[in-house]
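First the proteins, then the strands, lettered A, B, ... as listed; each starts at 1. For the numbers below, each heavy atom of this structure counts, side chains included, while hydrogens, waters and symmetry mates do not.
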Amino acid sequence: MTLLAAGLAGMAVLTLEILGVHMLAPWFGTSALVWSQQIGIVLLAIALGGWAGGRAAKRGARPRRAAGVLLIAGALLTAAAVVLLPVFSRWLLPEGMTLEEAAEVFTLGSFSAATLFFAPPVFLLSMVAPLLVQARASDTRPAGQAAGQVSAVGTFGSLVGVFGSTFVAIPFVGVQATLVGTAAVLAVAGAMLLGRPAAAAVALLPAAALAAPDHAGAAHLPEGAEVLEVAESPYQHLRVIEFADGERWLQMNEGLDSYQSRQVPGSDWPGGYYDVLALAPAYALHGREVEEARLWFLGFGAGSVLPPCAAILGRQPWRAVGVELDPEVVRLGRRWMPLPEEVEERTRVVSGADARSFLRAAEPGVDAIVVDAYARQFEIPPHLVTREFFAEAHDRLADGGVLALNVGLGGEAQAARAFLDRLRATLEPSFGEHVRAHRVPRSRNWVVFARRGRPLPPAQALGTALPAGTPLEVGAALLPGQTLAGTPRRALSPFTDDRNPVTVAQALQWWGR
Amino acid sequence: MKRARRMRRAAAAAAFAALAAAPAGAQEAWPQDAPSLLAWHARREPPPLPAEQLAQRCFVYVKAGAAAEARAAADALDELAPGHPDAARFRVEVDAWLPVTRRRGLQRARAWLERHAGAGAAETRHVRQLRDFLAAELRRRARVEEQVAELRWLPWACMAAAGSAMLLAARTIR
């Protein structure tokens, strides 16, 4: 029983650590900062709990009983977190925030919530192991052997917590139910250690947490919108919302005023950066003739950028590959934001694959690679903005082919420019001077284009290739005032696979530093 | 207030284009899509231009969302006709697009309404809409900032609460 308890405590600690981030996600996002805080707080609680457990083992005469009490207390705190964390988060977050305003409050809020709701149960559960070592140690089983056994089983339990959370709990059980189930099992194990099986009834208390209303789906809901579906994937918290005029947004994690995919009823043009990203095939095919244009979309989402690309391509035959890391995103997109039939027919979507590793499998000769991959809302995955990645993309492009990147930049113009300069310096080794950035009108986003082996055509020349009806904003993005051409004059070190401060650079940029 | 809320989402959806009222006396049909905008931009006449044409040019850039070009046209208009109501009006709209320039936009909108009390109904309505939107946005932002400032004590309080609970548990359990 003591080894089983050690395993369960180990499993619960890691489950709390991982699923804790999923509990925080709808309110505070899952930025690198949120993850780091959660891991740091859990590790601190483990360390303190181990120390305190050692002291308790030294002075206590009944370590088994103490471990039982701790398991039950940990179970109740875990269940309480399921109920109280959403209430606490809703209470402390200002209504109507925008993504740009959220950076500081998310840091404060996620730290506070993790400290209050996850540190105490992890602390209690971490006190269990030294007590169990004490309970198992005897004349025939020395303390070293007992410690090794408890440690090994506890670590095995942690493994179950890690893999079970990601591959079983989130996709099949749900975050809340898993945490409540974990709490119930801990309570039963605690009752068994106490030697009072009747006390196992206390396990029913955590189960009551399941009756708590689910607030997460409505977190940060934009005004006038209603939720169509909420889903949890191993990567993020997702939801599809709809406005009264039929416009739909696919949002991830904290959502706020931003979206991962967007669909406007009756229009090929979703607006914003999607429309400007659709210039990629126009740039790529300028001055070239191809039998069939080959397009790759890394960070496909629900495919919002495809209809405007198809509109720009007109009668030019094309086919596309969309790569999306999160299969749940693809499912939600197909259900709530289906692509036009003629676009869907020409598109192959690969889900569950990492953009960079999948791009390596692409046959060379791609005409346009469109990168709209965001991890944790506003962070471009570091491995998709390195000199090495751009070199790989360059190798996959046809001569004259174009790489396009969506870059969301909050804060002051100067900070945004500094980030763009660094990005352009990272593109330069592969693409030389053939790099151009366009500001998306009325938005915090920029779209960066880089062309292999040929100059990017002037805006006027590109304009003649655009079909009638292309939104005014696309034209505005091409005007000189919204354009940064070439690479920065001052020497800047590029982002590389080995040394990549992009996450920090973006975080500082969003914080306006 | 309701109008301001609607416009907040409109800002996210880049629907400001529908707001800008054309300058009084605008004759020329303005570009309706990207190809015509780029063609129009390429064939625009060199300076000096009369104020009406500069105002028209500024209006087109504002409709399209070309902030830098709209500001340059507004500057040129101001240089030619200091205090021109359209230059100031379009600057207000450009300022309204991004959070970092909204405070300045509100000041400009208020100044415009004071200075141009006799302006046309469409222009006045346009600036009033922008003023209401900007005022609501800045109020909302101030409220958020105030709440964030109040939250700065929270991590300390949570650490104290969690630490006390853990200390109690460490001392009690035996």
Checking heavy atoms, do the side chain of A:Phe88, its backbone, both or neither come under 4.5 Å from chain B? side chain
Name the region of B:Gln32, side chain, backbone, both or neither, that has any atom closer than 4.5 Å to a heavy atom of chain A. backbone
Could you list the residues that satisfy salt bridge (Lys or Arg N to Asp or Glu O under 4.0 Å) with B:Arg131, not counting sequence neighbours? none
Side chain, backbone, both or neither of A:Pro467 within contact of chain B (heavy atoms, under 4.5 Å): backbone
Answer yes when B:Arg71 and B:Asp95 have at least one side-chain N-carboxylate O distance shorter than 4.0 Å, and no when they do not. yes
Strictly below 4.0 Å, N to O, side chains only: are B:Arg141 and B:Glu145 in salt-bridge contact? yes
Find the one option among A:Met127, A:Gln460, A:Lys58 whose heavy-atom pairs under 4.5 Å with chain B are most numerous. A:Gln460
For chain A, which of B:Ala162, B:Ala42, B:Pro155, B:Ala161 has the most heavy-atom pairs under 4.5 Å? B:Pro155
Heavy-atom pair count under 4.5 Å with chain A, highest-scoring of B:Ala165, B:Ala157, B:Ala67, B:Ala70: B:Ala67
Hey, do the aromatic rings of A:Phe123 and A:Trp51 have their centres closer than 6.0 Å? no
Hey, do the aromatic rings of A:Phe243 and A:Trp249 have their centres closer than 6.0 Å? yes
Considering only heavy atoms and a distance below 4.5 Å, find which of A:Ala57, A:Ala459, A:Ala468 pairs most often with chain B. A:Ala468
Using a cut-off of 6.0 Å, state whether more than 12 heavy atoms not belonging to B:Arg152 lie near its atom CZ. yes
Residue part contacting chain A, namely of B:Arg143, when any heavy atom lies under 4.5 Å: side chain
Measure B:Leu151 against the heavy atoms of chain A and call it side chain, backbone, both or neither at under 4.5 Å. both
Which pair of heavy atoms, one from A:Phe118 and one from A:Gly20, lies closest together, and at what distance? CZ-CA, 3.4 Å
Please classify the contact between A:Leu466 and chain B as side chain, backbone, both or neither, with a heavy-atom cut-off of under 4.5 Å. both
Using heavy-atom distances under 4.5 Å, tell me whether A:Pro222 contacts chain B through its side chain, its backbone, both, or neither. neither
Check A:Leu124 against A:Ala73 and note the closest heavy-atom contact, atom names and distance. CD1-CB, 3.7 Å
Counting heavy-atom pairs under 4.5 Å with chain B, which one of A:Leu92, A:Leu48, A:Val474 comes out on top? A:Leu92
Does B:Arg102 reach the main-chain N or O of B:Trp97 with its side chain, forming a donor-acceptor pair under 3.5 Å? yes
Top residue by heavy-atom pair count (under 4.5 Å) with chain B, among A:Ile41, A:Leu70, A:Leu77? A:Leu70
Quick check on the interface: out of A:Pro471, A:Ala119, A:Ala465, who has the most heavy-atom pairs with chain B under 4.5 Å? A:Pro471
